[in-house]
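Data first, discussion second: the structure below is written as structure tokens.
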Amino acid sequence: MTSVLDLAPVVPVVVVDDPSDAVPLARALVAGGLPAIEVTLRTPAAPAAIRAIADAVPDAVVGAGTVITPEQVTDAVAAGAGFLVSPGWTDVLLDAMRASGVPYLPGVSTTSEVVALLERGVREMKFFPAEAAGGTAYLKSLAGPLPQARFCPTGGIGPGNAPEYLSLPNVGCVGGTWMLPADAIAARDWIRVEKLAREAAGLRNGSGAQV
């Protein structure tokens, strides 16, 4: 199975307030070249949105983000989540994600957390909050002593700095929301979302492209 980190250079981080928006939103992102979609569990609509995308958009790989409890792991997978993302991790949460049977990206922001996950056989992680936790300079410093760890940085990343992250050898993709502007979602302007998704999908490791 292809790693979540290798599906596309950008994973859209989606907050869904209205479940009826989930399918057209996902279709716009997939059409723009961003098949991995992280629906955060920050709203009551999230499980229904995950279920709708999983059922109606076969080309999407929909996952659940902001997973912080074992109960959320169970509910997200039952709704159809194909991967799990957490902002941080504990032993209890890690055990639940591992037992879920789907890929998962535990969140880290320190070297000690990365080493602890490597001890447990986890090599793919979310780096969060990326900019606040040290950004590209921090990730560069980890690549030397811990080359086996790969990251999806999220938090404070946009089209201006995403290429710098994507040029790093230990970054597989980045997470962000810039292709989902609030006014476009409110207006259900899926054409604009698709356009922004296509620009984000054009980012490649080492390209230095700006959008």
Side-chain angles (χ1 to χ4, degrees), residues 1-87 96-107 124 126 152 154 157-159 162 172-203 211:
M1 178 180 175
T2 302
S3 166
V4 174
L5 271 59
D6 297 322
L7 290 172
V10 179
V11 175
V13 179
V14 180
V15 179
V16 178
D17 292 306
D18 185 343
S20 68
D21 289 338
V23 169
L25 175 60
R27 285 177 175 156
L29 292 171
V30 171
L34 301 181
I37 301 169
E38 176 188 335
V39 177
T40 69
L41 301 181
R42 300 179 194 173
T43 67
I50 291 170
R51 185 174 293 106
I53 295 170
D55 290 344
V57 191
D59 291 333
V61 181
V62 61
T66 322
V67 177
I68 58 174
T69 69
E71 292 76 20
Q72 287 179 324
V73 170
T74 301
D75 292 346
V77 173
F83 64 94
L84 305 169
V85 184
S86 69
M97 291 193 293
R98 174 172 285 156
S100 72
V102 302
Y104 54 94
L105 298 174
E124 297 186 343
K126 171 178 178 172
C152 174
T154 304
I157 298 177
C173 64
V174 299
T177 62
W178 72 88
M179 71 299 300
L180 301 161
D183 58 340
I185 303 302
R188 294 178 167 82
D189 187 352
W190 310 127
I191 293 175
R192 183 180 172 200
V193 171
E194 180 180 341
K195 176 181 180 292
L196 292 170
R198 185 170 292 109
E199 292 172 351
L203 299 172
V211 297

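Residue indices begin at 1 and follow the sequence shown.
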I'd like to know if the side chain of [X] and the backbone of [Y] have a donor-acceptor N/O pair within less than 3.5 Å.
X	Y	value
T177	L180	no
T43	V16	yes
T40	G65	no

Is any side-chain heavy atom of [X] less than 4.5 Å from a side-chain heavy atom of [Y]?
X	Y	result
I68	L41	no
E124	V4	no
P47	D75	no
V57	V62	no
V14	L29	yes
P12	L25	no

[atom1] of [X] to [atom2] of [Y]: how many Å apart, nearest 0.5 Å?
X	Y	atom1	atom2	value
C173	L203	SG	CG	12.0 Å
L34	E194	CG	CD	10.5 Å
I185	R192	CD1	CZ	9.0 Å

Working for side chain to side chain contact (heavy atoms under 4.5 Å, CB included), residues W178 and V10: CA-CA 10 Å; W178 72 88; V10 179; 3.8 Å; yes
Taking all non-hydrogen atoms of both residues, which atom of [X] and which atom of [Y] are closest, and how far apart?
X	Y	result
V102	A81	CG1-O, 3.9 Å
G33	A201	O-CB, 3.7 Å
Y104	M97	CD2-O, 3.6 Å
R188	S20	NH2-OG, 4.1 Å
P106	S86	CA-OG, 3.2 Å
A60	I53	CB-CG2, 3.9 Å

Working for side chain to side chain contact (heavy atoms under 4.5 Å, CB included), residues D189 and D183: CA-CA 8 Å; D189 187 352; D183 58 340; over 6 Å; no
Residue pair T154, V13: steps toward the side chain to side chain contact (heavy atoms under 4.5 Å, CB included) verdict: CA-CA 9 Å; T154 304; V13 179; 4.2 Å; yes
Test side chain to side chain contact (heavy atoms under 4.5 Å, CB included) applied to D21 and W190, step by step: CA-CA 10 Å; D21 289 338; W190 310 127; 3.9 Å; yes
